[in-house]
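Below is one structure, written out as structure tokens, with a few remarks after it.
Note that the coordinates shown come from a computational prediction; the quantities given were computed from them, not determined experimentally.
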Amino acid sequence: MPRILAVANQKGGVGKTTTVVSVAANVALSGKRTLLIDLDPQGNATTGLGISPHDVESSSYNVVVQQLPIRAARTRTVVEGLDLLPATMDLAGAEIELVPMFSRELRLRSAISLVEKDYDYIFIDCPPSLGMLTVNSLAAAAEVVVPLQCEYYALEGLTQLLKNVQLVREGLNPELEVTAIVLVMFDARTRLAQEVAEEVRAHFGDLVLTTVVPRSVRLSEAPSYGQPIELYDPSSRGAAAYRAVANEIIRRQMTNFSESERSP
């Protein structure tokens, strides 16, 4: 059975897609058979891996809404060992189209079950909202990885996400656990970043990875070149940080998570 990890944060602009692309790329380069599922209608993970949505014939929309097998829609990427189920703007309408459908929350889980033997790791890039696509992601995953920006409203957004994870666990997926929180966009020059990091570690303890991902111009540039940071500039601080994040996630075992004990 592969490890299936949903990378989620309901607040936009927090480095979610950069995190999922960078970690998935590093996991693949470590020799693990890896699939990245882009379930965000913006398709940033798709373009960040060098694939234009305009050139995509089949996508995660076709898989989730029309039940096309993943094997018929996946594609290889610029990273050896990393396959991608790409996203297109068609996904924007999926939220409405899924409403009347049977087992609408479990369509991604059913699709993944047919390719489980193909992979060691499956990452899902969730939309930055709690809609039917995110529910599908959380219902399909066993683990949730949360990129957390070191800024003022970070804990507020995290609290809401944890409540939603709890709802999905109670109603659809009792095995779902938050297993890692990744501190990203860390600016060591500001007192606020230090305070947020300290507060998150005080509340969530070992769930917070040791590695902190710094703000980095090179991380921001990489997607425009259609490459993860590990290929675009492997010697950069951002690349080194995400290598360490990927290594921590690979080593990390499932951690019991109790929202009532951990929630800020």
Side-chain angles (χ1 to χ4, degrees), residues 3-20 23 37-42 45 64 91-92 94-96 98-99 103-109 112 122-186 192-193 195-209 213 245 249 252-264:
R3 286 179 68 183
I4 304 175
L5 305 95
V7 180
N9 191 315
Q10 289 167 226
K11 187 175 182 296
V14 297
K16 173 181 60 66
T17 297
T18 297
T19 296
V20 71
V23 171
I37 297 175
D38 190 351
L39 215 64
D40 187 339
Q42 297 177 82
V64 173
L91 268 179
E95 299 281 358
I96 297 173
L98 284 169
V99 170
S103 296
R104 60 194 180 194
E105 302 94 345
L106 303 176
R107 286 179 162 244
L108 183 61
R109 180 195 291 182
I112 288 175
I122 297 175
F123 292 91
I124 308 170
D125 187 18
C126 302
S129 61
L130 184 70
M132 198 57 63
L133 293 175
T134 298
V135 171
N136 262 268
S137 301
L138 297 179
E143 304 178 50
V144 182
V145 175
V146 185
L148 192 67
Q149 190 175 8
C150 295
E151 293 192 353
Y152 182 72
Y153 291 110
L155 284 177
E156 181 179 325
L158 177 57
T159 301
Q160 186 58 50
L161 174 63
L162 298 179
K163 289 179 180 177
N164 292 329
V165 168
Q166 179 66 23
L167 290 173
V168 171
R169 185 164 59 219
E170 292 174 354
L172 293 169
N173 184 4
E175 297 181 358
L176 185 66
E177 299 282 353
V178 175
T179 56
I181 296 172
V182 187
L183 297 175
V184 300
M185 297 185 177
F186 183 81
L192 177 61
E195 291 175 349
V196 170
E198 290 172 4
E199 189 173 357
V200 173
R201 291 191 188 280
H203 281 296
F204 297 99
D206 291 341
L207 280 180
V208 186
L209 298 189
V213 180
V245 168
I249 289 175
R252 183 154 288 218
Q253 299 296 318
M254 292 291 287
T255 303
N256 291 330
F257 179 82
S258 170
E259 180 186 351
S260 60
E261 295 175 2
R262 305 272 193 174
S263 183

Under 3.5 Å: donor-acceptor pair, side chain of Asn9, backbone of Pro147: yes

Interatomic spacing from CG in Leu192 to CD in Glu151 - rounded to 0.5 Å: 7.0 Å

Gap between atom OG1 of Thr134 and atom CD of Glu95 - 0.5 Å precision: 7.0 Å

Min side-chain heavy-atom separation Phe204-Leu148 under 4.5 Å: no

Closest contact, heavy atoms only, Pro41 versus Ala92: CB-N, 3.8 Å

CA sep, side-chain torsions, deciding dist, call: Leu138, Asn173, side chain to side chain contact (heavy atoms under 4.5 Å, CB included): CA-CA 8 Å; Leu138 297 179; Asn173 184 4; 6.0 Å; no

Residue that, paired with Leu108, satisfies side chain to side chain contact (heavy atoms under 4.5 Å, CB included) out of Ile37, Leu133, Ile4: Ile37

Side chain to side chain contact (heavy atoms under 4.5 Å, CB included) evaluation trace for Thr19 with Val213: CA-CA 9 Å; Thr19 296; Val213 180; 6.0 Å; no

Distance in Å, Gln10 CD paired with Leu130 CG, rounded so as to fall on 0.5 Å steps: 5.0 Å

Heavy-atom side-chain proximity of Lys163 to Thr159 below 4.5 angstrom: yes

Heavy-atom side-chain contact between Val7 and Val182 under 4.5 Å: no

Close side-chain approach of Leu209 and Arg252, heavy atoms under 4.5 Å: yes

Side chains of Val64 and Leu39 in contact at under 4.5 Å (non-hydrogen atoms): yes

Where Ala141 and Leu176 come nearest, the two heavy atoms and their spacing: O-CD1, 3.7 Å

Non-hydrogen atoms of Val168 and Ala139 that approach each other most closely: CG1-N, 4.1 Å

Shortest non-hydrogen separation from Leu98 to Arg104 and the atoms involved: O-CB, 3.3 Å

Heavy-atom check, side chain of Ile124 versus side chain of Ile112, under 4.5 Å: yes

Non-hydrogen atoms of Arg3 and Ile249 that approach each other most closely: NH1-O, 2.8 Å

Closest heavy-atom pair and its distance - Phe186, Cys150: CD1-SG, 3.6 Å

Donor-acceptor under 3.5 Å (Asp40 side chain, Ala45 main chain): no

Gap between atom CD of Glu195 and atom CD of Glu198 - 0.5 Å precision: 7.0 Å

4.5 Å side-chain heavy-atom contact, Gln42 and Pro128: yes

